[in-house]
Each structure stands twice: as C-alpha cells, then as structure tokens.
J.: 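Right, I'll just put the structure down here and ask away after.
The first residue of the sequence shown is numbered 1, and numbering continues consecutively from there. Both counts, for ligands and for their atoms, begin at 1 and track the order of listing. Quick caveat: nothing in here was measured; it's all calculated off a predicted structure.
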Amino acid sequence: MILLDGKSLSKKIKTDIKNQVDTFKSAGKRPPHLVAILIGDNPASQTYVSAKKKSCEEIGFNSTVIKYPESISQSKLLDEIEKINVNNEIDGLIVQLPLPPHIEPSLVIRNISYKKDVDGFHPINIGNMMLQQPCFLPATPMGIMALIENYNIETTGKSCLIIGRSNIVGSPLSILMSRNTKFANCTVTLAHSKTKDLNLLTKKADIIVMALGVPKFLTNDMIKDSSVIIDVGINRIKSNQTKSGWSLVGDVDFESVKQKCSHITPVPGGVGPMTIVSLLKNTLLSYKRVIYK
Ligand code: NAD
C-alpha cells in the first residue's frame, strides 16, 4: 500500500512557492496577499482560517483575516467584499463557509471578483472549468488532482466513483476526473445520499473518492483489491486516546481499508494540506495575473 502523503507533497509545493516569493521580494515587489473573511465563531471555521493564515506566513505571503460577528448584515458584508475587490494590493479573497442563515452563500460568492476568487467557487470560474478554459480551480478538487498526478496514478479507462455531490468537492471533481488528459481520464460515477446499492459501485471502482462527511463509512469489505482510495472527509469524533477528547477521522475506515487498497490518503495529512496549498497556488497565479490579465 502506498500512502498518498499530502503533507509532504504540500511542503514541497510550498517551498517552490516560497522561492518565487523571495525572488519577487528581492526585486522590490510586494508579496502576494490573501484575505480571508471569517464570520461568527464556528470552531471548525476558525481552525481552517488559522491554518490558511499560518501557511501564508510560512511562504512569505501577506495574509489578513477579517472577522465579523455572526450578526453582520448581508449588505454590509457585500460592501466590505467590494472594497477588497477594488484593492490592488490584494490578490485573493476567500469567505469561509458556512455562513449564518441570514446570509445567502451563492450571493456572497457571486459578489467576490472572479479575478480574486482563489477558492474557485465563482460561477465564471466554474463555467471556465467546465469549458477547459483558464480559471481558478476549486481548491479541494485541484489538490486531489495534484496528488493523483504526483503519485503517477493511472486513470486512463479506469472507473472512478465519487461519493458526495457538493458544489465545492464532488461535483467539480466529477468534471475534472473525466477529462481527456493523462491524469484524469476516468469513467466517473457520482454517487450521493439517494444512490441505491452503493456497495455494488464501491466494489467495482478502481478509484474511490469519499466526500460525504460520515466517519469511517467506507470499510474493507466494500472495496475490491488494489483500488485507489482518496478520503476528503474531515470528521471530529470522540476519542479516549487524545488529551482533547476528540480526534479527526475521514470517511474511510483507514486501518481496515489500508490492508486491501493500492493507494490511500490519510486523515489528517492527505487531502487537507493539498487543499490549502491549492489556495496558495491560486493566490500566486492571481498575483502573477496568469489567468486573468
Ligand atoms: P456536503 O456536506 O455539502 O454534502 C455531503 C454529500 O454527501 C451530499 O452530496 C450527500 O448527498 C452525500 N451523502 C451524505 N450521506 C451519504 C450517504 N450515506 N451515502 C451516499 N452519499 C451521501 O459535502 P462537502 O462540503 O463536500 O463535505 C464532505 C466532507 O468533506 C466533510 O467531511 C467535509 O468536512 C470534508 N471536506 C474536506 C475538505 C478538505 O480539504 N479535506 C474540503 C471540503 C470538505
């Protein structure tokens, strides 16, 4: 079994980005700048945003976290987003999801300039992705594609089952994995909560991507020998083996599945760090005006 080590791959990519940033700085230019908007006090959101800020600092990016109380109005939030959209010193803007119930996420995403949408959620970026045009790819699918490419995983003619059809992971990944390119040339099945006989699908799949958010859902008996397992899930479960009383697990029963599969991502240390590094890559692309002039 080969561990798809997102932690070490993301470190290598970060070193490459840092070297580029150092070169810009030596030439007297400002570094790339990522802004994250964090609303309310959701502990998971706070953890994700601080991990992104820490990664920015490691590679020499400027990073700003703007915090608003849960009570912020939708119109005030949109005004603040517009100020960032027109600020030439800022290259990327992310608004950490989920949002409070009175704020419409799709409206917020539409109001982020697509040129600074380094999460790759804006309809223009999603549309360009569909049409294979230059765009900011959604960060988690982009990170998964990088893992597959770096570990030289065969995709041509392979069957890929993706479980979970969210707009940020499963749905865009189903498009990317079915492209006529070397590392994404699969026949894709997109499964979800209404899919029947899921076990029949998991047993046939060469590559399985788990993105449903149910702890340890995929077990040894559900897969065939030598399949490739990508675990997107991040679930906090009670544990008597940690000081905090909690531990993070994926959607895969790692200990049993690792004995049967050919490749597997751990949780933590698999897809998570690749998501963050994809955000950094997109911010660098925005800074360099590579995608949109
Ligand atoms: P979501 O929570 O928006 O939707 C879950 C999807 O799973 C839905 O499409 C639903 O139909 C499907 N589903 C739920 N129960 C199912 C079942 N029993 N059988 C089949 N399908 C089922 O999805 P999301 O936002 O993509 O998040 C999924 C998981 O991935 C969560 O654990 C989340 O924390 C994690 N996540 C991780 C990263 C990362 O960087 N590693 C990024 C995004 C999300």
J.: Would you mind listing which atoms of ligand 1 come within a distance below 4.0 Å of any non-hydrogen atom of Asn235?
T.: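 Heavy-atom distances to Asn235 below 4.0 Å select 32 (O).
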
J.: Please step through salt bridge (Lys or Arg N to Asp or Glu O under 4.0 Å) for the pair Lys14 and Glu58, ending with a clear verdict.
T.: CA-CA 8 Å; Lys14 278 189 198 168; Glu58 280 167 14; 2.9 Å; yes

J.: Which value, rounded to the nearest 0.5 Å, describes the distance between Phe254 atom CZ and Leu3 atom CG?
T.: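 Nearest 0.5 Å value for the CZ-CG distance: 5.0 Å.
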
J.: Based purely on interatomic distance, does Asp251 place a nitrogen or oxygen under 3.5 Å from a nitrogen or oxygen of ligand 1?
T.: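 It does not: no N or O of Asp251 is found under 3.5 Å from an N or O of ligand 1.
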
J.: Considering the heavy atoms of Gly213, write down every atom of ligand 1 situated less than 4.0 Å from one of them.
T.: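 Answer for ligand 1: 28 (C), 29 (C), 31 (C), 32 (O).
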
J.: Check whether any N or O atom of Val271, backbone or side chain, sits under 3.5 Å from an N or O atom of ligand 1, and answer yes or no.
T.: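 No, there is no polar N/O contact under 3.5 Å.
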
J.: What I want to check is whether the side chains of Glu104 and Ser106 have a donor and an acceptor closer together than 3.5 Å.
T.: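 A donor-acceptor contact under 3.5 Å links the two side chains.
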
J.: So, taking the atom named CD1 in Ile59 and the one named CG in Leu34, what distance separates them when rounded to the nearest 0.5 Å?
T.: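 Rounded to the nearest 0.5 Å, the CD1-CG separation comes to 9.0 Å.
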
J.: Would you please test Asp16 and Lys281 for salt bridge (Lys or Arg N to Asp or Glu O under 4.0 Å) and show each step?
T.: CA-CA 10 Å; Asp16 174 54; Lys281 276 183 179 174; over 6 Å; no

J.: Which residue holds the protein heavy atom closest to atom 6 (C) of ligand 1, what is that atom called, and what is the gap in Å?
T.: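 In this structure, atom 6 (C) of ligand 1 has Gly164 CA, 3.7 Å as its nearest protein heavy atom.
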
J.: Regarding Asp253 and Asn220, do their side chains bring together a donor and an acceptor under 3.5 Å, going by distance alone?
T.: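 No, no side-chain donor-acceptor contact under 3.5 Å.
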
J.: Closer than 3.5 angstrom, by distance alone: can the side chain of Asp231 be matched with the main-chain N or O of Gly233 as a donor-acceptor pair?
T.: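 Yes: the side chain of Asp231 pairs with the backbone of Gly233.
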
J.: Please tell me whether Asp117 and Tyr292 have a donor and an acceptor in their side chains that are separated by less than 3.5 angstrom.
T.: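 On atom types as modelled, these side chains do not qualify, holding no pair under 3.5 Å.
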
J.: How far is atom 20 (C) of ligand 1 from the closest protein heavy atom, and which atom is that?
T.: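 Protein heavy atom with the smallest distance to atom 20 (C) of ligand 1: His192 O, 3.2 Å.
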
J.: Which protein heavy atom lies closest to atom 18 (N) of ligand 1, and at what distance to 0.1 Å?
T.: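 Result: Phe217 CE1, 3.7 Å.
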
J.: In the protein, what heavy atom is nearest to atom 34 (O) of ligand 1, and what distance, to one decimal place, separates them?
T.: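 Among all protein heavy atoms, the one nearest atom 34 (O) of ligand 1 is Ile234 O, 3.5 Å.
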
J.: Could you tell me if any non-hydrogen atom of Gly272 lies under 4.0 Å from any atom of ligand 1?
T.: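 Heavy atoms of Gly272 do come under 4.0 Å of ligand 1.
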
J.: Any protein heavy-atom neighbour for atom 30 (O) of ligand 1 (distance below 4.0 angstrom)?
T.: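 It does; a protein heavy atom is within 4.0 Å.
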
J.: Check whether any N or O atom of Ile163, backbone or side chain, sits under 3.5 Å from an N or O atom of ligand 1, and answer yes or no.
T.: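 Between Ile163 and ligand 1, no N or O pair is found under 3.5 Å apart.
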
J.: Please compare Ala191, Gly143, Ser193 and report which has the shortest non-hydrogen distance to atom 11 (O) of ligand 1.
T.: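 Heavy atom nearest to atom 11 (O) of ligand 1 belongs to Ser193.
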
J.: Would Phe24 and Tyr287 count as a close aromatic pair, with their ring centres under 6.0 Å?
T.: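 Centroid distance Phe24-Tyr287: below 6.0 Å, so yes.
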
J.: Go through the side-chain N and O atoms of Ser256 and Thr219 and say whether any donor and acceptor fall under 3.5 Å apart.
T.: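 Ser256 vs Thr219: no donor-acceptor pair found between side chains.
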
J.: Can you confirm, on distance only, whether ligand 1 has an N/O atom lying under 3.5 Å from any N/O atom belonging to Ser166?
T.: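 So ligand 1 has an N or O lying under 3.5 Å from an N or O of Ser166.
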
J.: For atom 5 (C) of ligand 1, which candidate among Leu248, Thr275, Leu212, Ile168 holds the nearest heavy atom?
T.: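 Among Leu248, Thr275, Leu212, Ile168, the closest heavy atom to atom 5 (C) of ligand 1 belongs to Leu212.
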
J.: Looking at atom 8 (C) of ligand 1, what's its closest protein heavy atom, distance included?
T.: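 Result: Arg165 N, 4.0 Å.
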
J.: Distance to 0.1 Å, residue and atom name: give those for the protein heavy atom nearest to atom 36 (N) of ligand 1.
T.: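 Sorting protein heavy atoms by distance from atom 36 (N) of ligand 1 puts Val232 O, 3.7 Å first.
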
J.: Considering heavy atoms of the protein only, find what lies nearest to atom 27 (O) of ligand 1 and give residue, atom and distance to 0.1 Å.
T.: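 The answer is Ala211 O, 4.5 Å.
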
J.: Please tell me whether Asp206 and Ser227 have a donor and an acceptor in their side chains that are separated by less than 3.5 angstrom.
T.: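 No donor-acceptor contact under 3.5 Å links the two side chains.
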
J.: Of all the non-hydrogen atoms in the protein, which one sits nearest to atom 43 (C) of ligand 1, and at what distance?
T.: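 Residue, atom and distance for the closest contact: Val169 CG2, 3.7 Å.
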
